[in-house]
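Here is the structure we will look at, set down as structure tokens.
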Amino acid sequence: MHKPVHTNLLRWYEQYGRHNLPWRHSRDSYTIWISEIMLQQTQVTTVLERFYTPFLQQFPTLRDLAAATEEEVLKQWEGLGYYTRARNVYKTAQLVEHALPQSIHELIQLPGIGKSTAHAIAAFAYRTPVPILDANVKRILYRFFGKKKASERELWALAYRLFDDEHPFEYNQAMMDLGSLVCRSKEALCVHCPFEMQCHAAQQGAPLELPEKKAVKSVPIRYKDIVVFTCKNRYALKQRSGRFLHGLWGFSEYEQNRDNAEGQMQQLGSIVQKYSHFHLYADVYISYEPVEGHEYLTLEEINKLPLSKADIKIVKMLT
DNA sequence: CAGGCGTGGCT
DNA sequence: TAGCCAAGCCT
């Protein structure tokens, strides 16, 4: 249904919306899908300024992506983080022959596409009249309906309740922009909000109290020694195979151990890398001893490999 | 279902 | 500045 709040929202969107986002007016399901995956847990600015265009330049179509290697895709993803997204994007390109499916049911079965992304692709690429539910929309819903906490199920119900099914596309875009520009997590600009009069939190005068903040968990610190084995201007790396940074290349880490530091190893420096679930403090050493299970590569070769931020810092120490 | 999963922007 | 948190997904 189309209500007065929707009229206010659309008017606000026409005037203040982010109409220059390159994926916004695309009808190509491929580019919209790539943008949606890149934007998972990632700010618009980062994707927009550094990753979206170069990626599509290298892989302009689904067919190009499918024809690439996983390492080439990871290299394009280097620096963006959450690399499982890159591997899932590649996997999906192998799976679907011509184009992404259109139904939410089918989309959600593809690797890396959950309920939120499936709705977004359906809404933006295929103009399916369904609401989307991202972090921006969630924050608006919490405040608009005056809820301190809500389950995913409840949030979807609220998303459908507020939805404007007469202008679904514009409504969805408007909601994301409103959440990003006005109903912000640390500063709510209610005076500029088209929902101000209908919004429960705004009427209570305390929008920032919603939603209820989660208890902060302390992040563990891991201390490691990283050893760069070298021989004749080549350095030993291997491709990571665990869940963490899977597929990226890197130097070898060891539990911090005085024995390592003592021998003939020379310390190059140290790095700090803050991951979402732990912080890494590592001393970096160089060793001229031979090592098994690695590839000895020149700096030129190393720079062509997909590397994590921490390993890039170490490569910089070598140059 | 809580935690693993990267990196950088913003306050 | 240090910490929060950003167009989530998977296990």
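Note that the structure is a prediction, hence the values are computed from the model and not measured. Proteins get letters first, then strands, A, B, ... in listed order; numbering begins at 1 in each.
Applying the ring pair (Phe, Tyr, Trp, His ring centres under 6.0 Å) criterion to A/Tyr90, with sequence neighbours excluded, gives no partner residue. Shown here are the ring pair (Phe, Tyr, Trp, His ring centres under 6.0 Å) partners of A/Tyr126, two or more places apart in sequence or in another chain: there are none. Applying the side-chain contact (heavy atoms from CB on, under 4.5 Å) rule to A/Ala125 yields the partners A/Ser29, A/Ile32, A/Ile121; only residues at least two apart in sequence or on another chain are considered. When the ring pair (Phe, Tyr, Trp, His ring centres under 6.0 Å) test is applied to A/His277, the partners found at least two apart in sequence or on another chain are A/Phe244.
Think of the region where chain A sits on DNA chain B: with heavy atoms and a 4.0 Å cut, that region ends 5' and 3' at B/dG3 to B/dG9. In the 5' to 3' direction, nucleotides of DNA chain C lying under 4.0 Å from heavy atoms of chain A begin and end at C/dG3 to C/dC10.
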Stepwise side-chain contact (heavy atoms from CB on, under 4.5 Å) test for A/Glu209 and A/Lys148
CA-CA 8 Å; A/Glu209 291 178 11; A/Lys148 283 161 70 171; over 6 Å; no
Run the salt bridge (charged side-chain N to carboxylate O under 4.0 Å, His left out) test on A/Lys75 and A/Glu72 for me, step by step, so that the C-alpha distance in whole Å, both residues' side-chain angles and the decisive distance to 0.1 Å come before the verdict.
CA-CA 5 Å; A/Lys75 185 62 180 175; A/Glu72 288 169 342; over 6 Å; no
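Atom-to-atom distance recorded for A/Ile302:CD1 and A/Tyr235:OH is 7.5 Å, nearest 0.5 angstrom.
Surrounding CE of A/Met317 are more than 12 heavy atoms belonging to other residues, nucleotides or ligands, all under 6.0 Å away.
Ring orientation note: the planes of A/Phe163 and A/Tyr171 are nearly perpendicular, at an angle over 60° on the 30°/60° scale. The aromatic rings of A/Trp156 and A/His119 lie tilted to each other, with the angle between the two planes from 30° to 60°.
A donor atom on one side chain and an acceptor atom on the other are found under 3.5 Å apart for A/Thr42 and A/Arg85. Side-chain polar atoms of A/Gln173 and A/Arg24 form a donor-acceptor pair below 3.5 angstrom. Under 3.5 Å, the side chains of A/Thr46 and A/Gln43 contain no donor-acceptor pair of N or O atoms.
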Identify every side-chain donor-acceptor pair in residues 57-66 of chain A under 3.5 Å, counting partners at least two apart or on other chains, and give the distances.
residue : atom : partner : partner atom : Å
A/Thr61 : OG1  : A/Arg63 : N            : 3.3
A/Thr61 : OG1  : A/Asp64 : N            : 3.1
A/Thr61 : OG1  : A/Asp64 : OD2          : 2.8
A/Asp64 : OD2  : A/Thr61 : N            : 3.1

Which pairs would a plain distance check flag for residues 288-296 of chain A, meaning a side-chain donor or acceptor within less than 3.5 Å of a matching protein atom at least two apart in sequence or in another chain?
residue  : atom : partner  : partner atom : Å
A/His294 : ND1  : A/Glu292 : O            : 2.7
A/His294 : NE2  : A/Ser252 : OG           : 2.5
A/Tyr296 : OH   : A/Val291 : N            : 3.3

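Residue whose closest nucleotide on DNA chain B sits further toward the 5' end, between A/Lys217 and A/Lys309: A/Lys217. Between A/Arg243 and A/Phe124, the residue anchored closer to the 5' end of DNA chain C is A/Phe124, taking for each the nucleotide with the nearest heavy atom.
Base orientation of C/dA6: anti (glycosidic angle beyond 90° from 0).
Applying the ring-ring contact (aromatic ring centres under 6.0 Å, His included) rule to pairs touching residues 127-146 of chain A yields A/Phe144-A/Phe195, sequence neighbours excluded.
DNA chain C lies under 4.0 Å from at least one heavy atom of each of the following residues of residues 165-188 of chain A: A/Met176, A/Ser185, A/Lys186. A heavy atom lying under 4.0 Å from DNA chain C marks the following residues of residues 103-120 of chain A, by number: A/Leu110, A/Pro111, A/Gly112, A/Ile113, A/Gly114, A/Lys115, A/Ser116, A/Thr117.
Contacts of A/Val137 with the nucleic acid, taken as non-hydrogen atoms under 4.0 Å apart, are absent. A/Ser308 comes within 4.0 angstrom of sugar-phosphate atoms only, judged by non-hydrogen atoms across all strands, and of no base. Residue A/Arg87 is classed as having no contact, given no heavy-atom separation below 4.0 Å to the nucleic acid.
Comparing the C1' positions of B/dC1 and C/dC9 gives a spacing of 14 Å, expressed to the nearest Å. Look at the P atom in both B/dG3 and C/dA7: the space between them is 23 Å, to the nearest Å.
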Would you sketch DNA chain C in dot-bracket for me? Only Watson-Crick or G-U wobble pairs with both distances under 3.5 Å count, crossing pairs as [ ], other-strand pairs as |, the rest as dots.
.|||||.||||
